[in-house]
Amino acid sequence: MLQQTQVERVVPRYLDWLERWPSADELAAAAVADVIRAWQGLGYNRRGLNLHRAAQRVATEGWPDDLTELPGVGPYTAAAIGNFALGLDVLPVDTNVSRVQERTGHRFSPAAAQALMDLGATVCLARIPRCGVSSIRSAAEAVPLRRLVPATPRADVAPRDGVGASAGRPRPRGGPVPRPGRPRPAGPLWNESHTAVTVSDTRPWDNVTGA
DNA sequence: GTCCTGGCAT
DNA sequence: ATGCCAGGAC
């Protein structure tokens, strides 16, 4: 349900759904019409169908080792389930996480998954990154601007004025604004779900990688 | 890589 | 109103 649909929109539907079909077996036994009806309003009805089919497959053949064998489950969802539900050491790389990794040039450990997602969704935004309040700004500043801009300007994207519109070239993806590095105080990397991730004085992102 | 599809930014 | 975004399927 969380594919392309916001959490707030999903939660109540998810709870109702689990109350009605608490297990894969029970969902598998449901009529397709009921599944579609229960999915109404969540968008992308194909996901509801896929979920139903996946449940049927799990009901008959059990859980596959490779979750991407289930219909509707790609690399991202498989990694997300692996990390959050199964406790596996895999990093779900959605566009938010991908963007953070690109801008910092850093490979984060799976332990940082939740913090990375929230950072990418609330601070390291695609269009207008809030570098001023970013806890990993210093990491992004260490990345040459060259690596954040396409080699050739995209013809289909008009140049924009803005804070980072440097070098007379558009920054279609809105990369972070590089500045001279400067010491920053230690503090929590991120806040909302109280994930116990803290940063150090020198290389903040290393604490997050577990390196 | 392209297409799908609903949400979202502009 | 228009175009971009984003996981998945192919």
Side-chain angles (χ1 to χ4, degrees), chain A residues 1-14 16-17 24 27-28 32-33 35-58 61 63-86 88 90-104 107-108 110 112-134 148-165 169-177 192:
Chain A
M1 289 182 186
L2 288 170
Q3 295 170 359
Q4 271 95 12
T5 304
Q6 293 177 147
V7 178
E8 316 81 74
R9 203 175 293 275
V10 163
V11 168
R13 309 298 300 272
Y14 170 74
D16 290 346
W17 188 281
L27 178 58
V32 192
V35 173
I36 297 299
R37 211 173 354 256
W39 195 269
Q40 286 302 316
L42 285 173
Y44 293 92
N45 292 342
R46 172 177 302 239
R47 295 176 302 158
L49 289 175
N50 283 153
L51 184 54
H52 189 222
R53 296 188 187 116
Q56 292 180 150
R57 189 193 153 141
V58 169
E61 302 176 33
W63 291 94
D65 290 333
D66 178 8
L67 262 27
T68 64
E69 289 176 14
L70 299 175
V73 179
Y76 169 74
T77 302
I81 294 172
N83 187 308
F84 297 126
L86 307 178
L88 301 180
V90 289
L91 178 66
V93 181
D94 62 7
T95 56
N96 287 334
V97 172
S98 174
R99 186 173 56 252
V100 172
Q101 293 199 132
E102 281 181 17
R103 288 177 176 173
T104 58
R107 278 2 217 189
F108 290 86
Q114 188 63 64
L116 279 177
M117 288 179 163
D118 290 320
L119 188 77
T122 64
V123 176
C124 196
L125 304 174
R127 290 178 162 90
I128 311 167
R130 303 170 63 193
C131 306
V133 297
S134 174
L148 302 174
V149 212
T152 49
R154 283 169 49 181
D156 59 326
V157 175
R160 301 183 192 204
D161 295 333
V163 194
R169 178 178 290 183
R171 298 187 307 120
R173 306 297 290 251
V177 183
E192 208 157 322

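It should be emphasised that the depicted structure is a prediction, and the values quoted were computed from it without experimental measurement. Here is the naming used below: chain letters follow the sequence lines, and residue numbers restart at 1 for every chain.
- Side-chain contact of A:Arg13 with A:Thr5: a donor-acceptor pair under 3.5 Å is absent, judged by distance alone.
- Taking atom CH2 on A:Trp39 and atom P on B:dT5, their separation rounds to 15 Å, with Å as the unit.
- When heavy atoms are screened at a 4.0 angstrom cut-off, A:Asn45 is found touching no nucleic acid atom at all.
- Atoms CD and CZ, on A:Gln4 and A:Arg47 in that order, are 6.5 Å from each other to the nearest 0.5 Å.
- Of all nucleotides listed (B:dC8, C:dG7, C:dC4), C:dC4 comes nearest to the side chain of A:Arg127.
- Between A:Tyr44 atom OH and B:dG7 atom P the separation is 8 Å, expressed in whole Å.
- For A:Asn50 and B:dT5, the CG to P distance is 12 Å, given to the nearest whole Å.
- Using a 4.0 Å cutoff on non-hydrogen atoms, no part of residues 64-77 of chain A comes near DNA chain B.
- Summarising the geometry, atom CG belonging to A:Leu51 is positioned 10.5 Å from atom CG belonging to A:Leu42; distances are rounded to the nearest 0.5 Å.
- In this structure, A:Arg47 atom CZ and C:dG8 atom C1' are separated by 11 Å, rounded to whole Å.
- Atom pair A:Glu8:CD and B:dC8:C1' shows a separation of 13 Å (rounding to whole Å applied).
- Side chains of A:Asn96 and A:Arg99: a donor-acceptor N/O pair is present below 3.5 angstrom, by distance only.
- With rounding to the nearest 0.5 angstrom, the SG atom of A:Cys124 is 12.5 Å from the CG atom of A:Asp118.
- Across all non-hydrogen atoms, the minimal contact from A:Gln3 to A:Gly72 is NE2-O, 3.2 Å.
- Distance CD (A:Gln3) to P (B:dG7): 15 Å, rounded to an integer number of Å.
- Within the structure, every side-chain polar atom (N or O) of A:Gln4 is placed at least 4.0 Å from both OP1 and OP2 of B:dC4.
- When the P atom of C:dA6 is taken as reference, atom CE of A:Met117 falls 13 Å away, rounded to whole Å.
- Heavy-atom neighbours of A:Phe84 CZ from other residues, nucleotides or ligands within 6.0 Å: above the threshold of 12.
- Separating the CD atom of A:Gln6 from the P atom of B:dT5 is a distance of 21 Å, rounded to the nearest angstrom.
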